[in-house]
Amino acid sequence: MTTPQQADTAARLTGLVRSLRGHGLPIGPAETVDAAAVLDVLGFTDRERMRAGLAAALLRSEGQRTVFDAAFDLFFPLGVGTPEAVRADPPAVPDDPEPPRFGRPDPLRERLRERLAEALAADDRAAQARLAGEVVEAFGRYGTGGSPGSDGWSAQQALGRLAPETLLARVLAALRERQGAPDLSDLVLADEIRRRIRDFRAMAAGEARRRVAELRGPERIAERAVAPTADLVDFLYAGRDQVAELRRTVHPLARKLATRLAARRRRAARGEIDLRRTLRRSLTTGGVPLRPAYRLRRPARPELVLLCDVSGSVAGFADFTMLLVQAMSEQFSKVRVFAFVNRTAEVTGLLRGGDDPARLAARILAEAKVTGYHGNSDYGSALGGFVEHHLDAVGPRTCVLVLGDARNNGRDPNLDALRRIAGRARRVFWLNPEQPSLWPTGDSAALAYAGVVEMHSCRNARRLGELIARLLPV
């Protein structure tokens with residue numbers, strides 16, 4: 001007979017698995033059964049040990065751990081309601097109930113900031129966790145309870161009141177006084193303090209998510225508040241940290257795609273069945289074609305040309321794709337990369353320079369002549385310039401990938417130039433980081449270009465990998 005505790009544990013585990021699947025993690029029944037066995041063996045006495053055990057049973061790569069940790073904290077929270085330490089010693093409310101005005105100090109805020117500076121200087125994680133609960137308790141509540149769903153907790157609101165980033169100088173001075181560090185180490189110390197502040201912000205965000213999950217259910221909050229894995233981040237809306245994480249996934253993804261392309265190449269080398277030779281062989285087996293014969297192919301590796309829009313928000317998409325293709329360059333006999341905003345320039349040499357990937361887009365804009373008399377995208381002018389100056393890069397063995405959102409600012413799309421490229425190339429594919437529902441809107445010429453070449457929506461790294469593995473010729 002199932003006890004209420006066992007039923008609650010099963011509901012929490014299955015909810016966690018559903019949430020992780022919803023964020024793109026490949027978790028099947030076997031992994032779920034393993035996770036249940038982990039809980040049976042480890043129990044609930046040591047939460048961090050339980051977290052590590054479930055991660056080992058459910059995850060397949062280190063990059064999935066961030067999503068797992070955020071979801072785990074929702075379905076297996078450290079506590080319920082206000083943390084016990086905060087209940088035992090709640091933030092002191094000043095005697096003067098009047099809210100602080102402009103220019104008037106807030107005593108509660110100043111006390112919390114002072115204690116946080118001490119905890120950051122000592123790198124006291126337990127004190128920081130308690131302070132995260134106090135800060136959310138003091139400043140994070142919103143709503144009046146007048147209507148269902150109007151109440152909640154906001155880490156952004158709480159941290160905006162506390163402003164922990166402004167404590168950098170105070171903590172740095174405290175560390176120098178404690179450690180006697182020379183001035184030369186200030187830069188290193190400042191980076192360490194910023195890391196501790198980021199960790200504290202994450203604690204406060206986790207505390208606010210936990211409280212909101214109690215009000216509205218962990219499934220709903222996990223769907224909306226847990227950040228996706230790097231390969232599912234939308235190229236057009238990726239933040240700085242997410243872009244940096246994307247760059248770290250370039251080489252693992254390139255190795256995976258190279259393996260897939262090599263397997264496709266091996267299969268393609270077998271060619272089609274040679275009917276005459278197969279029938280001749282079948283004479284030795286009574287007319288039964290047990291050993292089919294194939295027309296063997298010796299395909300040469302294809303050439304690849306990238307034509308990339310590096311303007312505005314699509315620059316991150318083009319940047320990542322260029323780095324990925326450069327990491328896969330051994331799979332092609334030749335790779336040439338061209339960038340444009342409204343003028344086209346070859347940037348193959350910049351990719352081979354071995355420079356910091358984070359500076360690639362800035363180097364292209366600074367060193368390559370990708371803009372003319374204005375700084376707005378002009379696909380028609382860029383395609384025309386490519387045809388005029390670089391059409392010899394395209395031949396019968398060339399696959400061309402055009403990367404961009406086709407937002408042409410109302411200018412002539414120059415479809416004839418794209419037709420000339422398609423007429424010379426083996427295949428031409430257009431990868432668009434916008435969703436198809438946006439293609440007919442605003443100044444987009446996507447539908448016009450899609451009438452000339454094959455266009456695919458490509459919004460994240462996972463989709464990009466799937467398209468490259470499926471579309472590129474071998």
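With a 6.0 Å radius and a threshold of 12 heavy atoms from other residues, nucleotides or ligands, Arg470 has its CZ atom above the threshold. Residue-environment remark: CD (Glu330) stays at or below the threshold of 12 foreign heavy atoms within 6.0 Å.
From Glu165, atom CD reaches atom CD1 of Ile193 across 13.0 Å, with rounding to the nearest 0.5 Å. Put simply, CG on Leu236 and CD on Gln435 are 9.5 Å apart, with the number rounded to the nearest 0.5 Å. Rounding to the nearest 0.5 Å gives a distance of 5.0 Å between CG of Leu54 and CZ of Phe68. Taking CG from Asn460 and CZ from Phe320, the interatomic distance works out to 9.5 Å, rounded to the nearest 0.5 Å. With values rounded to the nearest 0.5 angstrom, Phe338 atom CZ is found 15.5 Å from Asp309 atom CG. With values rounded to the nearest 0.5 angstrom, Arg255 atom CZ is found 9.0 Å from Thr259 atom OG1.
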Going by atom type alone, with no hydrogens or angles, which donor-acceptor pairs under 3.5 Å involve a side-chain atom of residues 36-45 and a protein atom two or more places apart or on another chain?
none

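Side chains of Pro302 and Arg427 form no contact here, defined as non-hydrogen atoms less than 4.5 Å apart. Considering only heavy atoms from C-beta on, Gln64 stays 4.5 Å or farther from His23 through its side chain. At a threshold of 4.5 Å between non-hydrogen side-chain atoms, the residues Val402 and Val453 do not count as touching. No side-chain heavy atom of Val305 sits less than 4.5 Å from a side-chain heavy atom of Lys334. The shortest side-chain heavy-atom distance between Arg12 and Pro77 falls under the 4.5 Å cut-off. Contact check for Glu214 versus Trp153: no side-chain heavy atoms found under the 4.5 Å cut-off. In this structure the side chain of Arg463 never reaches within 4.5 angstrom of the side chain of Ser457, judged on heavy atoms. Using a 4.5 Å heavy-atom cutoff, the side chains of Val314 and Leu403 are not in contact.
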Using the salt bridge (charged side-chain N to carboxylate O under 4.0 Å, His left out) rule, take Arg210 and Glu207 through it: C-alpha gap first, then chi angles, then the decisive distance, then the call. CA-CA 5 Å; Arg210 180 189 66 79; Glu207 174 66 18; 2.6 Å; yes

Test Val67 against Leu20 for side-chain contact (heavy atoms from CB on, under 4.5 Å), laying out the working first. CA-CA 7 Å; Val67 175; Leu20 295 177; 4.1 Å; yes

Thr284 vs Arg291, test: side-chain contact (heavy atoms from CB on, under 4.5 Å). Steps then yes/no. CA-CA 10 Å; Thr284 63; Arg291 295 184 300 124; 4.2 Å; yes

Leu467 vs Leu431, test: side-chain contact (heavy atoms from CB on, under 4.5 Å). Steps then yes/no. CA-CA 9 Å; Leu467 289 173; Leu431 305 186; 3.8 Å; yes

Please evaluate residues Thr166 and Arg113 with respect to the criterion side chain to side chain donor-acceptor pair (under 3.5 Å), reporting the C-alpha separation (whole Å), side-chain torsions for both, the decisive distance (0.1 Å), and the verdict. CA-CA 10 Å; Thr166 60; Arg113 282 171 55 83; 2.9 Å; yes

Apply side-chain contact (heavy atoms from CB on, under 4.5 Å) to Phe75 and Arg18, showing your working. CA-CA 11 Å; Phe75 289 92; Arg18 281 196 300 268; over 6 Å; no

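Contact check on Glu303 versus Arg426 returns no salt bridge, with no Lys/Arg side-chain nitrogen under 4.0 Å from an Asp/Glu carboxylate oxygen. The residues Arg195 and Glu192 are annotated as salt-bridged, a charged nitrogen and a carboxylate oxygen being separated by less than 4.0 angstrom. A salt bridge does not link Arg462 with Glu466: none of the charged nitrogens is closer than 4.0 Å to a carboxylate oxygen. Of the charged side-chain nitrogens involved, at least one lies within less than 4.0 Å of a carboxylate oxygen, so that Arg51 and Asp69 count as a salt-bridged pair. A salt bridge links Glu245 with Arg248; the closest basic N to acidic carboxylate O contact falls under 4.0 Å. Using a 4.0 Å cut-off between charged nitrogen and carboxylate oxygen, Asp191 and Arg194 count as a salt-bridge pair. Under the 4.0 Å criterion applied to side-chain N and carboxylate O atoms, Arg21 and Glu31 are not assigned as salt-bridge partners. A salt bridge does not link Arg363 to Asp319: none of the charged nitrogens lies less than 4.0 Å from a carboxylate oxygen.
Scanning both residues, Ala293 and Arg277, for their nearest heavy atoms gives CB-CB, 3.7 Å. Of all the heavy atoms in Leu306 and Cys308, the pair that sits closest is CB-SG, 3.8 Å. Minimum interatomic distance between Ala254 and Ala327 (heavy atoms only, all atoms of both residues): CB-CB, 3.6 Å. Considering every non-hydrogen atom in both Phe200 and Leu162, the closest pair reads CE2-CD2, 3.8 Å. Across Leu261 and Ala469, no two heavy atoms sit closer than the pair CD2-O, 4.2 Å. Taking both residues in full, the closest heavy atoms of Gln331 and Ala262 are given as OE1-N, 4.2 Å, listed atom of the first, atom of the second, then distance.
When the ring pair (Phe, Tyr, Trp, His ring centres under 6.0 Å) test is applied to Phe340, the partners found at least two apart in sequence or on another chain are Tyr379.
Side-chain atoms of Ser282 do not come within 3.5 Å of backbone N or O of Val288 as any donor-acceptor pair. In this structure, Ser19 contributes its side chain and Glu219 its backbone to no donor-acceptor pair below 3.5 Å. Using a distance-only test at 3.5 Å, with no hydrogens or angles considered, no donor-acceptor pair links the side chain of Arg161 to the main chain of Phe139. Checked by atom type and distance alone, the side chain of Ser329 never pairs as donor or acceptor with a backbone atom of Val325 at under 3.5 Å.
A side chain to side chain donor-acceptor pair (under 3.5 Å) check over residues 438-449, counting only residues at least two apart or in different chains, returns the pairs Arg407-Thr441, Arg407-Asp443.
Ile468 pairs in a side-chain contact (heavy atoms from CB on, under 4.5 Å) with only one of the listed residues (Leu304, Leu253, Leu257), which is Leu257.
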